[in-house]
Number of protein chains: 2
Amino acid sequence: MGARNGAGREVRSVNKVAGDDWIPAALQRAGMKRALKAGETLFRSGMRTAGLYQVAHGRVRLARVDRRGREAVLYVASAGDIIAEASLFSPVYHCDAIATTDATVRLYPKAAILAAFKRDPKAMQAFTAMLAHQVMNLRARLEQHSIHSARDRVRHYLNLNAGADGRTVPLTGTLKNLASELGLTHEALYRTLAAMAKAGEIARGKGFIRLSGRPSL
Amino acid sequence: MGARNGAGREVRSVNKVAGDDWIPAALQRAGMKRALKAGETLFRSGMRTAGLYQVAHGRVRLARVDRRGREAVLYVASAGDIIAEASLFSPVYHCDAIATTDATVRLYPKAAILAAFKRDPKAMQAFTAMLAHQVMNLRARLEQHSIHSARDRVRHYLNLNAGADGRTVPLTGTLKNLASELGLTHEALYRTLAAMAKAGEIARGKGFIRLSGRPSL
DNA sequence: CGGCGTTTTGAGAGAGCTCAACATCGGTGG
DNA sequence: CCACCGATGTTGAGCTCTCTCAAAACGCCG
């Protein structure tokens, strides 16, 4: 989990959908950076919504705390992730956001965003489209997690993420990263990949995996 | 997986976010029903997008087919679910939609929706807000699936879905349904609930579960 | 009452998790 | 240049936990 990367370099989650394309240029400049120490609170449930955040580096977890004081994690956001999208349409936050590691986030103020959307409907459309893609992507990942066999789960991932040639899958992060995205331990993933490679089902390369089944059969 | 429902009666997924509130009244009327036989195709990857669909009853699966002809399921939609939201912003579909059971869907034509959004920005905002909530909800479920212990996963679910009193969790569907949403077999869920009840952690009632831990501790 | 699906309990086996040790790679500093 | 260090990558062995298969009780509806 707490996977800081080797040299502090941050790698985007493998399946990240949110490009920054949806952010109107005017907003880019309105984004205000804020640094968080590990354990520091970004916002709490019930606080007035300031806007939505984008994690620049580090990890921020969204959680809800029940009355027994136990914390239920809703989501762990890492570099590139947008959190509190729904805050645009709500007066208060509905969960807590706490930095899990030292982190920096960029705040896009609600008022600025909504104003930009009003000025430029295209911007809102881009935002909506981005959300729609995220929904798709998240659904796919959820479906993935319902597959119990590690091998089938990896197959599912590879098939969905094959590049244009239908055979080559780029690996954008570390395998450990991929493992946690797939909901597997890294050991299980290593073993599965090794087995698939030995069986000739895949070929592994630096930064990619190639499906070796005949593509047109 | 293929959890068909008992008597053909359809139960909405427990965690369904999509109310119909986002649908402008004018659109409600524009919705065109279509009946599908089990196995029938609603749309295929590459087809021009007609609009988005809402499943009225039955099940429709979204899948992508790789070049080896194998199908990778992206999502299984059931009553109430909206599919192909992203089609609003794309000229062609990017996956196949096939009825898994006999089903009926309602088509909301793209042009009508976009027109409604242009006429009434509030409508688009409602749609966007709905998507944002779905993203939140899906992320939470994804997090849930990353918990390996059945008991902890159930706890997570109960904590997140506790009602206003923080203790009572309504059960909207069957337990079997809940099991598949949690990514557990129904047997595992039954056993886990039984164990938790025996341990005094929860009390079970008809249509609800009550967390029996002292709420303020 | 009889059929059907859900709910429940049992027993067994397999798969992934856990713990552990080691290899590898890239960056750092003496 | 090489030793060191931290993190990733890899492999091994045992164990727990869930899944699978099976069977039975319960509840609902015609």
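Fair warning: this is a prediction, and the values are worked out from it, not measured in the lab. Chain A is the first sequence line, chain B the second, and so forth, proteins listed ahead of strands; every chain is numbered from 1. Computed over heavy atoms, backbone and side chain alike; hydrogens, waters and symmetry mates excluded.
- Atom NE2 of A:H148 and atom C1' of D:dT18 are 9 Å apart (whole Å).
- B:R204 comes within contact range of the sugar-phosphate backbone alone, with a heavy-atom separation under 4.0 Å but no base atom that close.
- Put simply, CD on A:Q54 and NZ on A:K33 are 10.5 Å apart, with the number rounded to the nearest 0.5 Å.
- Heavy atoms of B:H186 sit under 4.0 angstrom from at least one base atom.
- B:Y190 has its OH atom 19 Å from the P atom of D:dA22, to the nearest Å.
- For A:N177 and D:dG9, the CG to C1' distance is 13 Å, given to the nearest whole Å.
- Each of C:dT6, D:dG9, D:dT18 was ranked by its minimum atom distance to the side chain of B:S149; first place goes to D:dT18.
- Here D:dG12 is the nucleotide among C:dC17, D:dG12, C:dT9 with the atom lying nearest to any side-chain atom of A:E187.
- Atom-to-atom, CG of B:L193 to C1' of C:dT8 comes out at 11 Å; the value is rounded to the nearest Å.
- Within 3.5 Å, a donor on the side chain of B:R191 pairs with an acceptor on the base of C:dG10, or the reverse.
- For D:dC19, one of the phosphate oxygens OP1 or OP2 lies less than 4.0 angstrom from a side-chain nitrogen or oxygen of B:T185.
- Distance A:L178 CG to D:dT8 C1': 13 Å, rounded to the nearest Å.
- The side-chain heavy atoms of A:Y53 and A:M32, taken from C-beta on, include no pair separated by under 4.5 Å.
- In this structure, CG of A:L189 is placed 17 Å from P of C:dA15, rounded to the nearest angstrom.
- Atom NZ of B:K176 and atom P of C:dT8 are 13 Å apart (whole Å).
- Formation of a donor-acceptor pair under 3.5 Å by the B:R153 side chain with backbone atoms of B:I147 is found in this model.
- The residues B:R61 and A:E143 are annotated as not salt-bridged, no charged nitrogen and carboxylate oxygen being separated by less than 4.0 angstrom.
- Of the inter-residue distances, the one linking A:C95 atom SG with A:Y75 atom OH reads 12.0 Å to the nearest 0.5 angstrom.
- A:I209 places its CD1 atom 13 Å from the C1' atom of D:dG9, with the value rounded to the nearest Å.
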